*Asks:* 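One structure is given below, represented as structure tokens, and several questions about it will come after.
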Number of protein chains: 2
Amino acid sequence: MSTAELPQPHRTADVRRPTLNAVAARAGVGRGTVSRVINGSPKVSDRSRAAVEQAIAELGYVPNRAARSLVTRRTDSVALVVPDAENRLFSEPYFSEIIRGVSAGLAGAGMQLLLVLARDESEYARLAAYLSAQRVDGVLMMAVHSDDTLPDRLDELAVPTVLAGRRSDTERLGHVRADNRGGSRVAVEHLLAGGRRTIATITGPMDMDVARERLDGYREALERAGLAVDADLIASGDFTEEGGRAAMRALLRRRPGLDAVFAASDVMASGAVLELRAAGRRVPGDVALVGFDDSIVARHIDPPLTSVRQPLAEMGRTMASLLLDEIAHRGTGHRAVVLPTELVVRQSA
Amino acid sequence: MSTAELPQPHRTADVRRPTLNAVAARAGVGRGTVSRVINGSPKVSDRSRAAVEQAIAELGYVPNRAARSLVTRRTDSVALVVPDAENRLFSEPYFSEIIRGVSAGLAGAGMQLLLVLARDESEYARLAAYLSAQRVDGVLMMAVHSDDTLPDRLDELAVPTVLAGRRSDTERLGHVRADNRGGSRVAVEHLLAGGRRTIATITGPMDMDVARERLDGYREALERAGLAVDADLIASGDFTEEGGRAAMRALLRRRPGLDAVFAASDVMASGAVLELRAAGRRVPGDVALVGFDDSIVARHIDPPLTSVRQPLAEMGRTMASLLLDEIAHRGTGHRAVVLPTELVVRQSA
DNA sequence: ATGCCGCGTGGGAGCGGTCCCACGGGGTGA
DNA sequence: TCACCCCGTGGGACCGCTCCCACGCGGCAT
């Protein structure tokens, strides 16, 4: 590592920005009037409003957030909490797309987005106090585990909270999720439509709601087609590539005759592909494969992977709007929103 | 999309949190003393300190950020600005790893991280005023274009600013970057060591410093090896997969005899692989290939890609510490830090 | 002309901290 | 014993905003 001093440019001293008082003086009105103009109150004459707006423009005035926040007891900011252990997910489009959606949904409301990565357990434990100390008006949480009680604590502390995904099917907090079950069903139906009949599935960890839902979708599709669900065709992975390989190996051992696989994530599918190739099976010739997430790897593995896409940006936007809702009308009750998925057909099935 | 009302739980009314005054009363001391304890001043007797700490614990007191910020003129938060047009990068480990590093580097200092995605030009234009209005103590910027003047404006406004990467080799602002030139040189030296002699390169857009640096590294390696630099072996891409394909196509046309390619990004390398395969060349048998970034696709394309890894998390941490430095000692001058890269050898070369 | 209404307005109070000045009391040196 | 110092301390004065009360004034009904 090398470090270099850069040529030092001019550096203005601690610039004091104009206050609301200065604007009032310049516009020849009282502080109250300026405040009203800034906050869009209708009870201001056109003349005053014009004068104030001109003064604001001339001075380049921007309200001091801290001062406002102190009296309104709002911060106009929300936190996005991401357990940092989930860095795996972080590098997927999942996080970034949702964040973009959240950001877009928040921007219109003039809300700031605070990114909080909880590195370890102890840090995570402090979070409830931290977040409730009027630091944020609301909290968005991603990748919440089934046994996580932080959301409940926030709820008890009256901090508006919205989750990405739900912890279980008895989730009481507001949340947004994709139609995992429906998406999986469509994926498997696609395999059935391609003439496949011995369709296996690689599931995620069964203590996660997404994993259970995606397995349910698989079952539903088979049942609707009048096919029996064979337990030997179900192997569990852990959403990692290695887990996908191991599951695929197990499936090939138990049911060498399988002609299709539905993997509950693209990353596991990418592991499965390697294992299939190692076993001499061609994809999709011998075995068709469908993944879930439409992540980056889906486009880049060979063959490009047919996968189920979640409307990530829209999920983010919806999370933002649910949260803004909860903030605006506290006690309105929580809402759950399920968004439809879409099957992206590529060459693996 | 479907929406559901969830059962409504209890909802406490606007909870008023204890103030510093309440702590003082409970501890039987003055406000000043409590403030001193909170801010770690040594001028407090052990007795008072103990009393205050107990009162804080009993009341669950947490200082009000807004109130503090109002008087100290600090916000204890920094913004991470990401031009949203760069969403492509966003989904790479690049962003997420740097963000993790930044977050880790900031956490120790009790700083908050504000994520600011600038969606379009107009939004981006407003950013300078927005950020300078004492909203943040400093700014971190990613993916800054060569012609971007926002950093300079921030600098003029005396807002401490640190960039990820530099705009050009005359960059005056503080920044952190990987040793792109050295990394590229090592990559090409690896190809040379493998016996390759006709080594092409696919560059990024030449108006980006990283692209220029990586090309320079390529040149350096050849020159050190006593080989001439052949302009026909240099094709420019744009850091996209399609750009990589097009560049590879051009290279094969101009120099069908090439036996190795150094692509300035993994994504371009992944495009190159497709084109090489289409042309019937085996990788690495006929043509060896090295990429840059060690991104997700590097591990997942076939064959797994040898690539140059940047120490992303450390870059983030370093950015944070440079920024904290600039905030603490304004006018100390800006610094540039270059971090070493590492060649990750896989099967493509 | 007088009273009343309501709109637009000015400005005091206060949000919850930090800063700093002034003050009391114990120790030290003359 | 007295003057001085220093340490720990309490509390007034803000920071820049919003909230809200009270007030002036023109228009309308009486």
Side-chain angles (χ1 to χ4, degrees), chain A residues 14-53 55-56 59-77 110 112 129 132-137, chain B residues 14-53 55-56 59-77 110 112 129 132-137:
Chain A
D14 184 27
V15 192
R16 203 90 158 197
R17 303 200 54 93
T19 71
L20 177 141
N21 240 316
V23 175
R26 175 155 199 135
V29 300
R31 289 185 351 265
T33 302
V34 177
S35 178
R36 266 165 239 137
V37 170
I38 292 168
N39 294 293
S41 158
K43 325 183 62 146
V44 182
S45 69
D46 291 346
R47 234 171 46 76
S48 299
R49 182 183 308 279
V52 169
E53 280 169 351
I56 288 178
L59 264 38
Y61 169 76
V62 182
N64 182 315
R65 253 187 137 87
R68 172 182 291 174
S69 172
L70 182 56
V71 42
T72 59
R73 314 178 159 287
R74 289 179 293 107
T75 61
D76 289 330
S77 63
Q112 303 198 313
S132 69
Q134 80 269 62
R135 281 199 163 83
V136 291
D137 296 343
Chain B
D14 184 27
V15 191
R16 203 90 159 197
R17 304 200 54 93
T19 71
L20 176 142
N21 239 319
V23 175
R26 177 156 198 133
V29 300
R31 295 190 340 269
T33 301
V34 177
S35 178
R36 264 165 240 139
V37 170
I38 292 170
N39 294 292
S41 158
K43 324 183 64 150
V44 181
S45 69
D46 291 346
R47 233 172 46 74
S48 300
R49 183 182 309 279
V52 169
E53 279 168 353
I56 287 179
L59 263 39
Y61 169 76
V62 182
N64 181 316
R65 253 188 136 86
R68 173 182 290 175
S69 170
L70 183 56
V71 44
T72 59
R73 313 180 157 288
R74 289 180 294 106
T75 60
D76 289 329
S77 65
Q112 304 200 311
S132 70
Q134 79 270 60
R135 282 201 163 82
V136 292
D137 296 343

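Residue numbering restarts at 1 for every chain, and letters A, B, ... go by the order of the sequence lines. Values in this document were obtained by computation on a predicted structure and should not be read as measured data.
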*Asks:* Note the angle between the end axes of the helix from C:dA1-D:dT30 to C:dA30-D:dT1, five pairs defining each, rounded to 10 degrees.
*Replies:*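 That helix gives 50° between its end axes.
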*Asks:* Indicate the atoms forming the closest heavy-atom contact of B:Leu59 with B:Pro18, along with that distance.
*Replies:*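 Nearest heavy atoms, B:Leu59 then B:Pro18: O-CG, 3.5 Å.
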*Asks:* To the nearest 0.5 angstrom, please state how far the CZ atom of A:Arg36 sits from the OG atom of A:Ser45.
*Replies:*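 One finds 10.5 Å between CZ of A:Arg36 and OG of A:Ser45.
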*Asks:* Looking at every heavy atom in both A:Arg65 and B:Arg135, which two are closest together, and how far apart are they?
*Replies:*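 So the minimum-distance heavy-atom pair works out to NH1-NE, 2.9 Å.
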*Asks:* What are the two closest heavy atoms between A:Val44 and A:Ser48, and how far apart are they?
*Replies:*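 Between these two residues, the closest heavy atoms are CG1-CB, 3.8 Å.
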*Asks:* Rounded to the Å, how far apart are B:Leu20 CG and D:dG12 C1'?
*Replies:*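 From B:Leu20 CG to D:dG12 C1': 15 Å.
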*Asks:* Apply the side-chain contact (heavy atoms from CB on, under 4.5 Å) test between B:Arg68 and each candidate in B:Asn39, B:Leu20, B:Thr75; give the one that qualifies.
*Replies:*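 Answer to the side-chain contact (heavy atoms from CB on, under 4.5 Å) test with B:Arg68 among B:Asn39, B:Leu20, B:Thr75: B:Asn39.
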*Asks:* Determine: side-chain N/O of A:Asn39 to OP1/OP2 of D:dT18, distance under 4.0 Å, yes or no.
*Replies:*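 Yes, such a contact exists.
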*Asks:* When you check every protein heavy atom under 4.0 Å of nucleotides 5-15 of chain C, what one-letter string (B, S, -) results, 5' to 3'?
*Replies:* ---SBBBBB-B
*Asks:* Look at A:Thr72 and D:dT18 and indicate whether a side-chain polar atom (N or O) is within less than 4.0 Å of OP1 or OP2.
*Replies:*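 Negative; the distance criterion is not met.
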*Asks:* Hey, does B:Arg31 have a side-chain heavy atom less than 4.5 Å from the side chain of B:Asn21?
*Replies:*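 The answer is yes; the side chains approach within 4.5 Å.
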*Asks:* Measure from CG on A:Asn21 to P on D:dT18 and round the result to the nearest Å.
*Replies:*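 Rounded to whole Å, this separation is 12 Å.
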*Asks:* What is the distance from CZ of A:Arg135 to P of C:dG16, rounded to the nearest Å?
*Replies:*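 Those two atoms, CZ and P, are 15 Å apart.
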*Asks:* With rounding to the nearest 0.5 Å, note down the distance linking CD1 in A:Ile38 to CZ in A:Arg49.
*Replies:*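 Answer for the CD1-CZ pair, A:Ile38 versus A:Arg49, is 11.5 Å.
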*Asks:* Atom CG of B:Asp46 and atom C1' of D:dC7: how far apart are they, to the nearest Å?
*Replies:*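 The answer, rounded to whole Å, is 13 Å.
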*Asks:* A:Asn64 vs A:Thr19, test: side chain to side chain contact (heavy atoms under 4.5 Å, CB included). Steps then yes/no.
*Replies:* CA-CA 8 Å; A:Asn64 182 315; A:Thr19 71; over 6 Å; no
*Asks:* May I have the distance from B:Asp76 (atom CG) to C:dG16 (atom C1'), rounded to whole angstrom?
*Replies:*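 In whole Å, C:dG16 C1' lies 15 Å from B:Asp76 CG.
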